[in-house]
Amino acid sequence: MPPKNSNAQVATEEDVSAPQNITDGGNYVENLYFGVELNCVPDLVTQLEEYRREFDFITVPLAHPRNERDMSEGAIVEEEPFARSDMLLSSGQWGSLIIGKISPWIDLDSKDVYNRKNSERVLLQELSWASHLNLPALILPTPTHNSTNYAQVVNRKLQGLMYMNLWMRVPLMSTWQMLHDDETQITFGDNHRATQDPWEHWNTFRTLCEHSDKLCVALELTENVPHERVISRWLGEPVRAVIIPTRIFTTNKSGFPVLSKAHQRVLQMFFKYKIQYILSGPARHKNSFVPYRQYVQFLYSKSPQPTYDESFMTPYLDYLQAPLQPLMDNLESQTYETFERDATKYQLYEDAVFECLTDMKNGGKLEGRTHIVLMVVGAGRGPLVKASLRASVRAGCPLKVYAVEKNPNAIITLKNLRISMNWGDQVTIVDSDMRVWNAPELADVLVSELLGSFGDNELSPECLDGAQRFLKGEPDVWFVRLTQDIEGGISIPASYTSYLAPISSSKLWNEVRAYKEMKHYETPYVVKMHNFYQLGESQECFTFVHPNRDEYIDNQRYINLSFRATQSATVHGLAGYFNSLLYGSVYMSINPANHSPGMFSWFPLYFPLRDPMYVAKDDVITVHMWRNNNRVKVWYEWSIVSPQVSPIHNVGGRSYWIGL
Ligand SMILES: C[S@@+](CC[C@H](N)C(=O)[O-])C[C@H]1O[C@@H](n2cnc3c(N)ncnc32)[C@H](O)[C@@H]1O
């Protein structure tokens, strides 16, 4: 049982690597959004002007940090205002350049009733003032393992917030975690360790606050760095800012501030997210914050730049999309255009057809014949027809092609292609649903791409079961099939398997919640997951093989899968992926374990949970998943039954189904 901070790393002088002159770093693609935390602000206007030359914003206390005012009932009302006037800055400046900070001394869970009540009043007063100023964000003091009353007051206020977000200041490691090595921590037991874990404090607080999307995290780096797994858990949390204390920097030979390799790695993990960076503490180097900023900016410029494909995907990050229904609906030109940009996918198909035709040729299938009959079923605007013809030339194996498509609009494109590409008699275009088409001859090869992000979720099994009637060796009368040569025709893909894994993603869950309707919690969404953390490797879910030679074809499925939590976390749903064997040695996968490099046609599927579920370290997360059908539709139902029991989602396909 590895403890939470196993492999903790402490910054040392040796692992510091940095340029001698950071201004030579160059090569910035985009600047990080940087601010400075100030604790003493006697002249807001002048200080803002000064810092604005080098920084994007400043964070300032709303009241003087030592102004422990008495706000109890009957207390003498102070003449002095507790905060500076809002007239010092324009509302535009307050709303974009200033992040507020709540007084650090308040203690809403104090055993002392006076102190508790006074703290409540001060917190409400400062929250109200920050809303009045229309600040973009307000930093809240760090919660402890006992912050229930603090959460109650914040939660009340969260209900009415419109523009402003609350950023909870959370350290990456607690002092206790930094003081105790892995072995010693174990001896304290799980419960004690949880009381010392800042993530647990945050998790309890946000759970009390109903997982509000207005409550976010300002993660403060600490002298020590925990195991990478512990940092990864924050990638599923709404981290809006990383606070970098100046005390964690060391000095290189030229006198510039630099960070240890371990700290650099933490920052590299967050550079992928659009968040703010805040320098805090006194400027110890050259008496200015600028070298710190330049150094972090330098690290950013040295981090891997997004590839062309990654840049292309930026608008889709964490953006929920309803899955396509290519069987029930007719896809639009724009959708086909997006598919066709994915050169990798068509190259994989070309390679699969090439391997298949080569095997057929070498296996004597061409003997006594002029060509192989290949049918592209669900041809769309023709990219798989083109890929198959390219493979035929490569393999030196002549083809006769049928392009079967049920979308009448795509048929127009196919007919035009037939003319412009001079396909002539080599390609026959068929305007029909493959499930009912009466083919004039049998096919040696059926090529299709009817796959969804979860493999079978665009009804490839049902379509191909209908189409295999016209595949060689697959007559539609089952008792005849028994007497046939089952070495007959080939389907590309030969099989596909879906995969599942529990994930933590406050972001995705809140996106679903924003719809304010139960049915959305029961709808799987296609989404390029970004602000998420996956609790373990994905596991195999449902497999379909084509042609399907079962005596009775049954496409219903049911499985349960168990995952062991390597650390405590909050589960917000499941991630779904697929892997497909196209033919021979050619696979096509979006499963993270073996994702086809460069392929972007499919984003994962997100199956939400109605309520986020806390799981403790070493808990077994048991997931149940069903694929059900009736004469008109197919649907999934899902549930987690341990460590807690969720309702079964999407009973009878009441919220989401795929039309047959
Ligand atoms: C995901 S698209 C793939 C299109 C194209 N093969 C490609 O790779 O770009 C699936 C295509 O199959 C068609 N399709 C789906 N079910 C079908 C059916 N039962 N019969 C014929 N075409 C079907 C859809 O209209 C759509 O054009």
Side-chain angles (χ1 to χ4, degrees), residues 321-353 374-391 401-418 427-439 443 445-471 491-493 496 526 544 546 548 555 578 580 582 586 588 590 596 599-603 605 629 631-634 658-660:
Q321 292 174 278
L324 293 174
Q325 297 248 10
L327 181 56
M328 202 171 70
D329 303 333
N330 283 327
L331 302 180
E332 290 170 1
S333 183
Q334 204 185 1
T335 314
Y336 286 116
E337 196 176 277
T338 311
F339 294 156
E340 290 159 16
R341 277 201 208 120
D342 190 346
T344 308
K345 174 181 121 180
Y346 298 111
Q347 187 59 52
L348 290 171
Y349 267 92
E350 182 187 321
D351 293 347
V353 176
L374 179 145
M375 297 183 179
V376 178
V377 284
R381 303 200 308 183
L384 292 182
V385 176
K386 292 186 201 163
S388 301
L389 291 173
R390 286 195 300 270
V401 178
Y402 288 84
V404 185
E405 173 55 58
K406 58 95 194 163
N407 178 350
N409 303 314
I411 288 288
I412 296 173
T413 317
L414 285 169
K415 285 185 172 166
N416 276 297
L417 262 186
R418 186 160 168 264
V427 179
T428 305
I429 290 156
V430 180
D431 181 354
S432 174
D433 186 317
M434 68 182 86
R435 295 170 297 174
V436 296
W437 179 47
N438 281 323
V445 189
L446 273 190
V447 177
S448 67
E449 190 284 272
L450 303 157
L451 300 171
S453 305
F454 200 48
D456 57 81
N457 64 308
E458 289 183 8
L459 307 193
S460 181
E462 285 72 12
C463 290
L464 292 182
D465 292 346
Q468 68 183 28
R469 291 174 292 112
F470 45 83
L471 186 61
S491 166
I492 298 177
Y496 34 88
V526 171
F544 291 86
H546 296 288
N548 187 338
N555 290 329
F578 80 89
S580 170
L582 291 180
V586 187
M588 184 171 78
I590 65 160
S596 305
M599 191 176 72
F600 56 80
S601 283
W602 292 272
F603 295 154
L605 210 57
N629 60 27
R631 275 189 301 115
V632 291
K633 65 184 187 183
V634 174
I658 316 136
L660 274 164

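Remember, it's 1-based here, ligands and their atoms both numbered in the order they're listed. Note that the numbering runs from 1 along the sequence shown for the chain.
A distance-only check finds a donor-acceptor pair linking the side chain of Glu405 to the backbone of Ala379 [under 3.5 Å].
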One line per pair, note the atom names and distance for all nitrogen or oxygen contacts under 3.5 Å between ligand 1 and the protein.
residue  : atom   : partner : partner atom : Å
ligand 1 : 6 (N)  : Gly378  : O            : 2.9
ligand 1 : 8 (O)  : Lys345  : NZ           : 3.2
ligand 1 : 8 (O)  : Tyr346  : OH           : 3.3
ligand 1 : 9 (O)  : Tyr346  : OH           : 2.7
ligand 1 : 19 (N) : Asp433  : OD1          : 2.9
ligand 1 : 20 (N) : Met434  : N            : 2.9
ligand 1 : 22 (N) : Lys406  : N            : 3.3
ligand 1 : 25 (O) : Glu405  : OE2          : 2.6
ligand 1 : 27 (O) : Tyr336  : OH           : 2.6
ligand 1 : 27 (O) : Glu405  : OE1          : 2.8
ligand 1 : 27 (O) : Glu405  : OE2          : 3.3

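For the side-chain contact (heavy atoms from CB on, under 4.5 Å) with Leu324, the lone residue among Asp329, Asn457, Thr335 that qualifies is Thr335. The only option from Phe454, Tyr496, Phe603, Trp602 that meets the ring-ring contact (aromatic ring centres under 6.0 Å, His included) definition with Phe578 turns out to be Trp602.
The distance from the CG atom of Leu348 to the CD1 atom of Ile492 is 12.0 Å, given to the nearest 0.5 Å.
Summarising the local packing, CD of Glu332 is surrounded by 12 or fewer heavy atoms from other residues, nucleotides or ligands at distances under 6.0 Å.
For Tyr349, the ring pair (Phe, Tyr, Trp, His ring centres under 6.0 Å) criterion is met by no residue, not counting sequence neighbours.
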